[in-house]
> 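Okay, here's the structure, questions in a sec.
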Amino acid sequence: MALPAIQGTGYHFRRILSYFPQDISLAFAYGSAVFKQIGAAQSNAKNMVDFVFAVDDPITWHTMNLMQNRSHYSVLKYLGPKKISTVQNKYGAGVYYNTLVPCDGKVIKYGIVSTDTLIEDLLHWKTLYIAGRLHKPVKILLQKENGRLQTALTTNLKSALTASFLMLPESFTEEDLYLQIAGLSYSGDFRMIIGEDKAKVLNIVRPNLEHFRKLYSNILQECPQAVYKQAHGKIEVDKSPEGQFLQLMSLPKHLQQNITYLVDQPGRNRDVEEVLLQVAQDPDCGNVVQQGRSWIVTFMWRCRMAQPCIT
């Protein structure tokens, strides 16, 4: 099943891809220049356009891009594509960004991530950096046939629903759900404390409810743990210990590990399943999941702040 976000791609965004090497497995545009946000500039044309390109071989891609677009790079261009790829893979979230780049009459920022790193984050939420962006509507510009990648993209959306179910009450609105999902990759992000609007999540969701529905409505309808009353915009989830245990067991690996670390007493070394069974019966289950998720985001942003010459 292709992601709904693939539909309706824009010609101007696709044209920008022609300025780059074409060995790209997934390309998408995101942010306020692509989707309306409350409080953003009235003319989206004036906003910097953000892109992410997933590539199978970052060294080869950077080699080709240095030949085509050498001026896009920081001083790391003098160290060559292998060093750029090393910095990309060893620091932060595994993404190398070139920013404030003039291209086709616009100013853009684009990040390069290896396809394998992207799949790892989508499946296991190692950093939630790209996975979190893909919880929200994006403009898919290019997606090559790749079964592993498509499975990971869909799994990431299902994981966002499951984690949000655990942190929400038994009954809630669609808007409540999408606010929770959009916030998964923000709490713990230092930008939400300094320098950016604290109401950013609300500003993203309110104008884009239909885009969120396109992403999640089919998954909601097929979810055995939820009753989706689409006509009324309401959702009910199973809050029994058994229901919560099934949801906890389907969470991404890194979130499960964080929950286990939070709950398990030093020296006991219980397996993940035993700890999650205990959490499922805890009235504070949602708070534990929230804290485990926040750790992922906080760790990722500390890594990003330490990343040299990239953003």
Side-chain angles (χ1 to χ4, degrees), residues 1-7 9 17 23-30 50-58 61 85 88-89 92-97 110-166 177-178 180-186 211-212 214-225 246-259 272 289 292-293 296-297 299-300 303-304:
M1 180 185 73
L3 289 186
I6 293 173
Q7 302 172 2
T9 56
L17 290 183
D23 189 17
I24 295 173
S25 61
L26 177 72
F28 64 88
Y30 65 96
D50 298 328
F51 296 87
V52 168
F53 305 149
V55 302
D56 292 341
D57 185 345
W61 197 91
S85 297
Q88 173 182 316
N89 292 328
V95 187
Y96 182 97
Y97 270 101
Y110 64 95
I112 310 304
V113 61
S114 80
T115 305
D116 286 342
T117 297
L118 172 60
I119 290 172
E120 169 76 12
D121 197 36
L122 292 169
L123 292 177
H124 304 304
W125 289 9
K126 183 178 181 180
T127 68
L128 263 179
Y129 189 70
I130 302 298
R133 276 162 171 53
L134 288 165
H135 290 160
K136 299 176 278 291
V138 301
K139 186 76 74 177
I140 301 289
L141 306 175
L142 171 69
Q143 184 178 352
K144 290 187 176 178
E145 291 292 330
N146 183 322
R148 287 177 61 236
L149 177 56
Q150 182 55 56
T151 297
L153 287 164
T154 303
T155 299
N156 183 49
L157 296 180
K158 291 179 178 179
S159 296
L161 281 178
T162 302
S164 297
F165 288 167
L166 287 161
L177 174 62
Y178 300 142
Q180 186 70 58
I181 289 172
L184 287 172
S185 58
Y186 281 117
H211 293 297
F212 276 93
K214 287 179 182 178
L215 271 181
Y216 290 102
S217 62
N218 287 341
I219 301 174
L220 275 170
Q221 289 169 357
E222 297 170 1
C223 179
Q225 299 296 319
L246 289 174
Q247 293 165 28
L248 288 163
M249 287 296 293
S250 65
L251 290 175
K253 178 178 68 176
H254 283 277
L255 181 50
Q256 289 182 338
Q257 290 173 344
N258 284 356
I259 292 170
V272 171
V289 175
R293 180 213 47 79
I296 296 173
V297 180
F299 173 76
M300 180 272 293
C303 291
R304 290 291 295 171

> Do any N or O atoms from the side chain of S159 and from the backbone of L251 form a donor-acceptor pair under 3.5 angstrom?
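Checked: no pair found.
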> Say whether, by atom type as modelled, one donor and one acceptor occur between the side chain of Q256 and the main chain of M249 under 3.5 angstrom.
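Present.
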> Would you find a donor on one side and an acceptor on the other, under 3.5 Å apart, between the side chain of N89 and the backbone of G94?
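Judged by distance alone, no pair lies under 3.5 Å.
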> Do T155 and L122 pass the side-chain contact (heavy atoms from CB on, under 4.5 Å) test, and can you show the C-alpha distance, the side-chain angles, and the key distance before you say yes or no?
CA-CA 7 Å; T155 299; L122 292 169; over 6 Å; no
> Kindly indicate whether the side chain of R148, heavy atoms from C-beta on, has any atom under 4.5 Å from the side chain of D116.
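Of all side-chain heavy-atom pairs linking D116 with R148, at least one is under 4.5 Å.
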> First locate atom CD1 of I130, then atom OH of Y30, and finally report the distance between them rounded to the nearest 0.5 Å.
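So the CD1 of I130 and the OH of Y30 are separated by 6.5 Å.
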> For the residue pair S217 and Q221, confirm or rule out a side-chain donor-acceptor distance under 3.5 Å.
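There is no such pair (donor and acceptor under 3.5 Å, judged by atom type) between the side chains of S217 and Q221.
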> Is there a donor-acceptor pair under 3.5 Å between the side chain of D56 and the backbone N or O of S25?
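Not confirmed, D56 side chain does not pair with S25 backbone.
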> Quick one: does K158's side chain get under 4.5 Å of L161's, heavy atoms only?
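A side-chain contact is absent here, since even the closest heavy-atom pair is not under 4.5 Å.
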> To the nearest 0.5 angstrom, please state how far the OH atom of Y97 sits from the CD1 atom of I112.
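Separation between the atoms: 9.5 Å.
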> For a side chain to side chain contact (heavy atoms under 4.5 Å, CB included) with L118, tell me which candidate from V52, L134, V55, V95 qualifies.
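Exactly one option meets the side chain to side chain contact (heavy atoms under 4.5 Å, CB included) with L118, and it is L134.
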> Please test W61 against I24 for side-chain contact (heavy atoms from CB on, under 4.5 Å), starting from the C-alpha separation and ending with a verdict.
CA-CA 9 Å; W61 197 91; I24 295 173; 3.7 Å; yes
> Can you confirm whether more than 12 heavy atoms, excluding those of K144, are under 6.0 Å from its NZ atom?
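For K144, atom NZ is crowded (more than 12 foreign heavy atoms under 6.0 Å).
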> Does the side chain of K126 come under 3.5 Å of the side chain of T117 through a donor N or O and an acceptor N or O?
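There is no such pair (donor and acceptor under 3.5 Å, judged by atom type) between the side chains of K126 and T117.
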> Would you say the side-chain atoms of Y216 pair up with the backbone N or O of H135, donor to acceptor, closer than 3.5 Å?
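Yes, because the side chain of Y216 sits within donor-acceptor range (under 3.5 Å) of the backbone of H135.
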